[in-house]
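Data block below; observations after.
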Number of protein chains: 2
Amino acid sequence: MRNQLLNKDIMNDFLTEMEYVGLTSRLKRLSDSLLYSTKELYKSEGLDIEPNWNLIFILLQENEAMTITEISETLQFSHPAVVKIINKMKKNGHVETRTDTEDKRKQILTLTEKAHKQLPLFEKYWTAGRQTVMDLLEDSPNFLEEFLKIEEKVNQSDYKERTLKNLNNDELSN
Amino acid sequence: MRNQLLNKDIMNDFLTEMEYVGLTSRLKRLSDSLLYSTKELYKSEGLDIEPNWNLIFILLQENEAMTITEISETLQFSHPAVVKIINKMKKNGHVETRTDTEDKRKQILTLTEKAHKQLPLFEKYWTAGRQTVMDLLEDSPNFLEEFLKIEEKVNQSDYKERTLKNLNNDELSN
DNA sequence: TACATTTGCGTAACCAGTTACTTAATAAAG
DNA sequence: CTTTATTAAGTAACTGGTTACGCAAATGTA
């Protein structure tokens, strides 16, 4: 019962404080929640794909062949992240690689026959998923636009830079 | 140069597609970016604290003593996550634990003397950080409110449930 | 009062990302 | 040409979170 009181008491104060302080962890919690839920969806439906693969499927479908670096730049993932995803997709037989004949450092990635065959099925799930995101955003008409603005700001000057600046300003005004 | 063209060509189409498809990974990217940047900030300033500790400092400051479970419920973290954070904070000498005499399963957490001494310093950084979040949100006046709505929706019915429902609707209408 | 259920917390294994480092191939510069 | 710098991709170690599982203490019930 101590527990109950405590939580109720705190939650209001706390969440207000939290709005700013805990934005990061709330962003993470939401993205994690979507991620795990997507994994579960695919698993329960017996699809042997994983959450972010759709991005790569779409890219390779549109471009036929891309390298690790091209994908990592387009998705703005680190290249080791792409290597990991691609290795899984190769193991599942959805992607194959060959070394570029002109530049032997490059790995050319393409979708396999198996991938192409399964794409229509996958598309159904991705379409339904896109619909889900639209549903979630329904009452939040400015969300994407405003999210983009935040992304841009962070790209221009990151949290550390901004905070150090604020810190200095505060100290000067004391 | 192929790289350049390719990226430019794609980016527009792609990001539109991406708005919905890639929302999850974009959320993760932003939260990761804030996280890493915060870590770097503390590191470069020689503070021996880590990103989410402020949440726990604030809680323990307001409540004096809490258990693992109470914290995990308040922060909506899994309890193993809290255990991990607390272990680090104990190692750093900011938190100490004692077993509850009435219920020996419970670990009572409190801030140490060291923690209390350092709090004013930490507060400066947290205040500056809160200011940074406010700056980032400056041009996005609806963001927090709309974010909250999305969180609530996901809590009511998660991505998987919603997507399966959408999938069935689509199939019925075919 | 004994037995079954629930609760608190700890550990292990996993996950999707990161940075830092290495190797090999290519490009640039002396 | 040879040497130096840059680039592409792979590997390792780490991060902050998760779920799954186990154990011991407390609570509920026959």
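Numbers restart at 1 for each chain; the letters A, B, ... are given by sequence-line order, proteins then strands. The structure presented is a predicted model; accordingly, all values stated were derived computationally and were not measured.
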Whether each nucleotide of nucleotides 22-28 of chain D has a protein heavy atom under 4.0 Å at its base (B), only at its sugar-phosphate (S) or at neither (-) is summarised, 5' to 3', as ---BS--
Using whole Å, report how far [atom1] of [X] lies from [atom2] of [N].
{"X": "A:Leu35", "N": "C:dC14", "atom1": "CG", "atom2": "C1'", "answer": "12 Å"}
{"X": "A:Leu34", "N": "C:dC15", "atom1": "CG", "atom2": "P", "answer": "19 Å"}
{"X": "B:Lys28", "N": "D:dT18", "atom1": "NZ", "atom2": "C1'", "answer": "11 Å"}
{"X": "B:Trp53", "N": "D:dG17", "atom1": "CH2", "atom2": "C1'", "answer": "16 Å"}
{"X": "B:Lys90", "N": "C:dC9", "atom1": "NZ", "atom2": "C1'", "answer": "11 Å"}

Member of A:Asp135, A:Thr132, A:Asp139 meeting the side chain to side chain donor-acceptor pair (under 3.5 Å) criterion with B:Lys153: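 So the option named by the test is A:Asp139.
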Identified side-chain contact (heavy atoms from CB on, under 4.5 Å) counterpart of A:Ile56 within the set A:Ile86, A:Leu111, A:Leu109: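 Single side-chain contact (heavy atoms from CB on, under 4.5 Å) partner of A:Ile56 among A:Ile86, A:Leu111, A:Leu109: A:Ile86.
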Tell me whether the OP1 or OP2 atom of [N] has a side-chain N or O from [X] closer than 4.0 Å.
{"X": "A:Asn52", "N": "C:dG17", "result": "yes"}
{"X": "B:Ser78", "N": "D:dT18", "result": "yes"}
{"X": "A:Ser25", "N": "D:dG17", "result": "no"}

For A:Ala81 and B:Pro80, take the nucleotide of DNA chain C holding the closest heavy atom to each; which residue's nucleotide lies nearer the 5' end? B:Pro80
Looking only at side chains, do B:Thr99 and B:Gln107 share a donor and an acceptor under 3.5 Å apart? yes
Scan B:Lys84 against the nucleic acid and name what it touches under 4.0 Å (heavy atoms): base, sugar-phosphate only, or nothing. base
Would a 4.5 Å heavy-atom cut-off, applied to side chains only, mark B:Val154 and B:Tyr159 as touching? no
